[in-house]
There are 2 protein chains.
Amino acid sequence: MSNPNPSSAPTLRDVAEAAGVHTATASRALNPKTRQQISAETARRVMRAAQALGYQPNSVARSLKTSRSSTVGLVIPDLTNPLFPPIVRGVESVLESDGYNVWIVNTDNDEERERAKIESLRSRRVEGLIVATARLDHPLLRQLHEQGVTMVLINRQVRDLPIPAVTGDDATGIAAAVRHLAGLGHTRIAHLSGPLGTSTGLVRSQAFRHAVRDHGLADDLVVECARWSEDDGAAALRALLSRTTDFTAVVAGNDLIALGCYDVFAERGLSCPGDISVIGFNDMPFLDKLRPPLTTVAVPRHELGAEAARMLLDCIDEPGRPARSLLLPATLVVRGSTAAPPRRA
Amino acid sequence: MSNPNPSSAPTLRDVAEAAGVHTATASRALNPKTRQQISAETARRVMRAAQALGYQPNSVARSLKTSRSSTVGLVIPDLTNPLFPPIVRGVESVLESDGYNVWIVNTDNDEERERAKIESLRSRRVEGLIVATARLDHPLLRQLHEQGVTMVLINRQVRDLPIPAVTGDDATGIAAAVRHLAGLGHTRIAHLSGPLGTSTGLVRSQAFRHAVRDHGLADDLVVECARWSEDDGAAALRALLSRTTDFTAVVAGNDLIALGCYDVFAERGLSCPGDISVIGFNDMPFLDKLRPPLTTVAVPRHELGAEAARMLLDCIDEPGRPARSLLLPATLVVRGSTAAPPRRA
DNA sequence: TTGTAGGCGTTATCAT
DNA sequence: ATGATAACGCCTACAA
């Protein structure tokens with residue numbers, strides 16, 4: 001009684017021997033797509049043997065042979081930004097039901113890390129990439145696109161690069177925010193933009209200028225944040241305040257930047273919305289419990305992820321597919337951080 | 001001029017041909033550990049060729065041959081719980097610098113999903129697992145342990161299973177919370193525990209009972225939440241309130257459960273901390289900006305991840321290593337959600 | 001120092 | 001319907 005493969009995990013060969021068939025037959029029996037090629041009786045015997053041995057197929061060997069992996073990579077710039085976890089779940093909900101695994105990687109907004117992680121994903125033969133780290137100028141993504149890598153952008157885009165993308169409707173969202181403030185009577189509205197090297201930063205910033213001009217207001221109260229973070233939001237507001245205090249409302253590039261404003265308000269004894277109103281962007285979780293509850297522009301985060309996943313599946317199924325962009329609606333959520341401006345001193 | 005491998009990604013064989021050596025030599029030249037076996041001149045030629053062709057090693061083939069992958073799996077129950085992203089970063093910070101890739105999977109607290117994802121990780125030959133989904137009774141983890149799978153638990157443990165674990169010091173944290181409330185004059189303190197099927201839920205609950213008894217207080221104001229969520233926290237508080245209103249403080253099983261209390265306060269017009277004080281657990285981000293800012297027990301989330309990663313590396317390097325548990329200190333962070341109890345009516 | 005050869009576990013293409 | 005065979009790309013004794 002010889003066991004050619006003691007102790008170690010059973011292979012297809014072990015299953016085949018136990019079932020008294022050739023490995024090729026065992027392979028066909030275990031794969032639903034080829035199962036009908038063999039007799040029901042044999043198939044049953046093989047499956048029983050596999051069950052009995054606790055056989056688990058070796059995905060690595062399969063990937064080597066087929067150069068496919070049933071895996072896609074999801075590239076996130078900063079997992080601690082509450083915007084992203086719901087997007088991740090949206091992506092997973094679609095991809096999992098289609099039999100794909102999702103490999104999440106976190107780049108921490110670091111180019112080198114991004115390169116290394118994407119390279120690692122590719123060397124593992126992921127079948128596609130969903131990328132949330134795009135910058136307007138992004139040599140790496142450009143290069144991947146030229147190499148024909150299947151990918152979909154989410155939330156942000158790359159300038160002049162025809163890659164499919166799913167994003168929120170930034171312009172409409174910002175316009176709604178400005179309209180809300182103008183309607184409350186604000187006439188001096190500032191914008192703390194996100195990094196202008198990202199499409200979201202630039203688009204929201206441009207939309208802001210257009211919107212305030214449409215209301216006949218000045219469009220020069222704009223400061224750029226170096227990153228999408230609370231600290232950078234606070235720094236930007238401090239910089240603005242050192243230049244002028246002649247504004248009564250702030251449209252923040254996103255919710256984290258808005259939270260940075262809260263820090264500065266606390267620091268300087270300013271009241272929100274009494275002295276200054278603030279609007280965020282994204283409607284990340286827990287904003288309704290802040291002091292004050294943050295008025296913000298909601299984007300459908302789960303849907304964003306789900307749609308990007310569907311789009312990626314389409315791209316995988318139909319490689320030559322022309323890129324298309326999907327814009328998901330953004331809606332203003334009014335809470336307690338916005339009110340009429342204080343009466344002019 | 002024959003190109004046996006047009007258009008497709010270059011393989012080691014292509015590099016070898018370009019450099020005029022055998023694949024074995026090319027392999028040795030490209031691997032730092034074997035590079036010294038060959039002449040500097042040859043090594044240089046191979047590396048130049050690899051560079052010129054844009055050669056990227058195929059990790060799948062390498063894994064199949066070596067049955068190693070330089071990859072570890074990180075199993076998270078709920079990525080949208082802000083406790084976890086900082087832990088993820090802690091894990092990555094250690095593992096990346098050691099040349100490992102981290103494959104993050106999200107189980108959504110679903111057993112079936114957990115099984116499928118862990119199976120997928122294993123079939124890809126991950127070299128170890130860091131698991132944050134442990135329940136006290138966890139057949140899957142028990143089975144993996146019996147199969148000798150290298151893993152480390154984080155945040156939670158499995159009952160009577162000698163797997164290395166890194167957790168926060170729940171008992172001390174809860175004791176500090178109760179001491180703080182007792183010191184403020186509270187004598188009727190409730191506990192909304194997390195699921196008692198998790199070690200964190202059970203340990204914190206037991207610690208709560210011990211602590212209140214140590215202060216000579218009643219230990220029967222305890223309700224269990226079905227899950228670690230805001231909704232379940234709210235439901236538990238409603239259930240408690242329907243039983244009795246004779247308490248002035250709540251120790252919540254974690255921050256999300258505490259946020260659920262905030263919902264109920266708003267619903268019923270209760271003032272916090274005026275009518276009821278609340279303490280959370282974990283010190284997830286943004287709690288300082290809540291209304292009121294949440295007093296909570298802070299655990300070193302990044303450190304938790306980093307230590308678990310170090311422990312996993314140790315386990316990988318030294319397979320027979322006896323399991324050890326690491327308990328990281330938890331500290332009370334006093335904010336605005338706790339105050340002296342209202343004067344008795 | 002370099003080349004040879006075999007095999008990791010699977011699937012695809014033959015042939016039977 | 002099933003078996004034989006080769007190959008995916010890489011690594012590593014072993015031989016030279």
Side-chain angles (χ1 to χ4, degrees), chain A residues 4-47 49-50 53-71 122-125 127, chain B residues 4-47 49-50 53-70 120 122-125 127:
Chain A
N5 187 4
S7 86
S8 150
T11 72
L12 190 57
R13 193 177 152 172
D14 299 325
V15 174
E17 283 182 8
V21 297
H22 195 270
T23 55
T25 307
S27 172
R28 288 186 276 247
L30 261 17
N31 183 337
K33 292 188 188 283
T34 50
R35 185 141 49 221
Q36 81 277 356
Q37 296 174 19
I38 67 178
S39 80
E41 163 54 21
T42 309
R44 202 173 313 118
R45 220 170 55 243
V46 172
M47 292 170 73
L53 292 174
Y55 169 71
Q56 301 285 82
N58 182 327
S59 302
V60 175
R62 174 179 291 163
S63 287
L64 179 59
K65 178 63 188 173
T66 63
S67 63
R68 300 193 310 101
S69 61
S70 298
T71 301
R122 294 200 62 209
S123 81
R124 265 140 188 116
R125 296 296 180 263
E127 297 179 32
Chain B
N5 187 4
S7 85
S8 151
T11 73
L12 191 57
R13 194 178 152 171
D14 299 325
V15 175
E17 283 183 8
V21 297
H22 195 269
T23 56
T25 307
S27 173
R28 288 188 274 249
L30 261 18
N31 183 336
K33 292 187 186 283
T34 50
R35 184 138 56 219
Q36 81 277 356
Q37 296 175 18
I38 68 179
S39 80
E41 164 54 20
T42 309
R44 203 174 310 121
R45 220 169 54 244
V46 172
M47 293 170 74
L53 292 174
Y55 170 71
Q56 301 285 82
N58 181 328
S59 302
V60 175
R62 176 180 290 163
S63 287
L64 180 59
K65 176 65 190 175
T66 62
S67 64
R68 302 196 309 104
S69 62
S70 297
S120 156
R122 293 200 62 209
S123 80
R124 260 127 191 130
R125 295 296 180 265
E127 297 180 32

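Naming convention: chains lettered A, B, ... in sequence-line order (proteins, then strands); numbering from 1 in each chain.
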Name each donor-acceptor pair under 3.5 Å that joins a side chain in residues 18-33 of chain B to protein atoms two or more places apart or in another chain, with its distance.
| unit_1 | atom_1 | unit_2 | atom_2 | d |
| --- | --- | --- | --- | --- |
| B:His22 | ND1 | B:Ala24 | N | 3.1 |
| B:Asn31 | OD1 | B:Lys33 | N | 2.8 |

Quiz prompt | Set of residues satisfying side-chain hydrogen bond (donor to acceptor under 3.5 Å, both in side chains) with respect to A:Ser70, sequence neighbours excluded | solution = none
Quiz prompt | Rounded interatomic separation in angstrom, taking CZ from B:Arg44 and P from C:dT1 | solution = 14 Å
Exercise. Looking at every strand, decide which applies to A:Thr34 at a 4.0 Å heavy-atom threshold: base, sugar-phosphate, or nothing.
Key: nothing
Quiz item: Who pairs with A:Arg122 by side chain to side chain contact (heavy atoms under 4.5 Å, CB included), at least two apart in sequence or on another chain?
Solution: A:Ile118, A:Leu144, A:Gln147, A:Val149
Quiz item: Between D:dC11, C:dT10, C:dT2, which nucleotide gets closest to the side-chain atoms of B:Gln37?
Solution: C:dT2
Self-check item: Residues forming a side chain to side chain contact (heavy atoms under 4.5 Å, CB included) with B:Thr66, sequence neighbours excluded
Solution: B:Arg62, B:Arg68
Quiz prompt | Between P of C:dG9 and CZ of A:Arg125, the distance in whole Å | solution = 20 Å
Quiz item: With sequence neighbours excluded, what pairs up with A:Arg35 under the salt bridge (charged side-chain N to carboxylate O under 4.0 Å, His left out) test?
Solution: none
Quiz item: How many Å lie between CD on B:Gln56 and P on D:dC10, as a whole number?
Solution: 11 Å
Quiz item: Can you tell me how far the CZ atom of A:Arg124 sits from the OG1 atom of A:Thr71, to the nearest 0.5 Å?
Solution: 11.0 Å
Quiz item: Between the two ends of the helix from C:dT1-D:dA16 to C:dT16-D:dA1, what is the bend in degrees, rounded to 10 degrees, where each end axis spans five pairs?
Solution: 40°
Exercise. Could you pull out all residues at least two apart from A:Arg44 that satisfy salt bridge (charged side-chain N to carboxylate O under 4.0 Å, His left out)?
Key: A:Glu41
Quiz item: Which residues satisfy the side-chain hydrogen bond (donor to acceptor under 3.5 Å, both in side chains) test with B:Gln56, sequence neighbours excluded?
Solution: A:Glu119
Self-check item: Phosphate-side-chain proximity, A:Ser63 and D:dC8, N/O vs OP1/OP2 below 4.0 Å
Solution: no
Quiz prompt | Atom pair distance, as rounded to whole Å: NZ in A:Lys33 and C1' in C:dA12 | solution = 16 Å
Strictly under 3.5 Å: I want the nitrogen or oxygen pairs between protein and nucleotides 6-8 of chain C, one per line.
| unit_1 | atom_1 | unit_2 | atom_2 | d |
| --- | --- | --- | --- | --- |
| C:dG6 | N2 | B:Lys65 | NZ | 3.2 |
| C:dG7 | N2 | B:Lys65 | NZ | 3.4 |

Exercise. Residues of residues 19-31 of chain B with any non-hydrogen atom less than 4.0 angstrom from an atom of DNA chain D: list those, numerically ordered, please.
Key: B:Ala24, B:Ser27, B:Arg28
Self-check item: Sugar-phosphate, base or nothing in reach of B:Thr42, heavy atoms under 4.0 Å
Solution: sugar-phosphate
Quiz item: Would you call A:Tyr55 and A:Asp14 a side-chain contact if the rule is heavy atoms closer than 4.5 Å?
Solution: no
Quiz item: For A:Ser123, what residues pass the side chain to side chain contact (heavy atoms under 4.5 Å, CB included) criterion, not counting sequence neighbours?
Solution: B:Ser59
Quiz item: Between atom OH in A:Tyr55 and atom P in C:dG9, what is the gap in whole Å?
Solution: 10 Å
Quiz item: Could you state the CZ-P distance from B:Arg35 to D:dC11, rounded to the nearest angstrom?
Solution: 13 Å
Exercise. Please answer whether the main-chain N or O of B:Arg125 pairs with a side-chain N or O of B:Ser69 as donor and acceptor at a distance below 3.5 Å.
Key: yes
Quiz prompt | Results of side-chain hydrogen bond (donor to acceptor under 3.5 Å, both in side chains) for A:Ser67 - residues two or more places apart only | solution = none
Practice problem: Could you state the atom-to-atom distance from CZ of A:Arg62 to C1' of D:dG9 in whole Å? | Solution: 18 Å
Practice problem: In whole angstrom, give the distance that lies between atom CG of B:Asp14 and atom C1' of D:dG9. | Solution: 11 Å
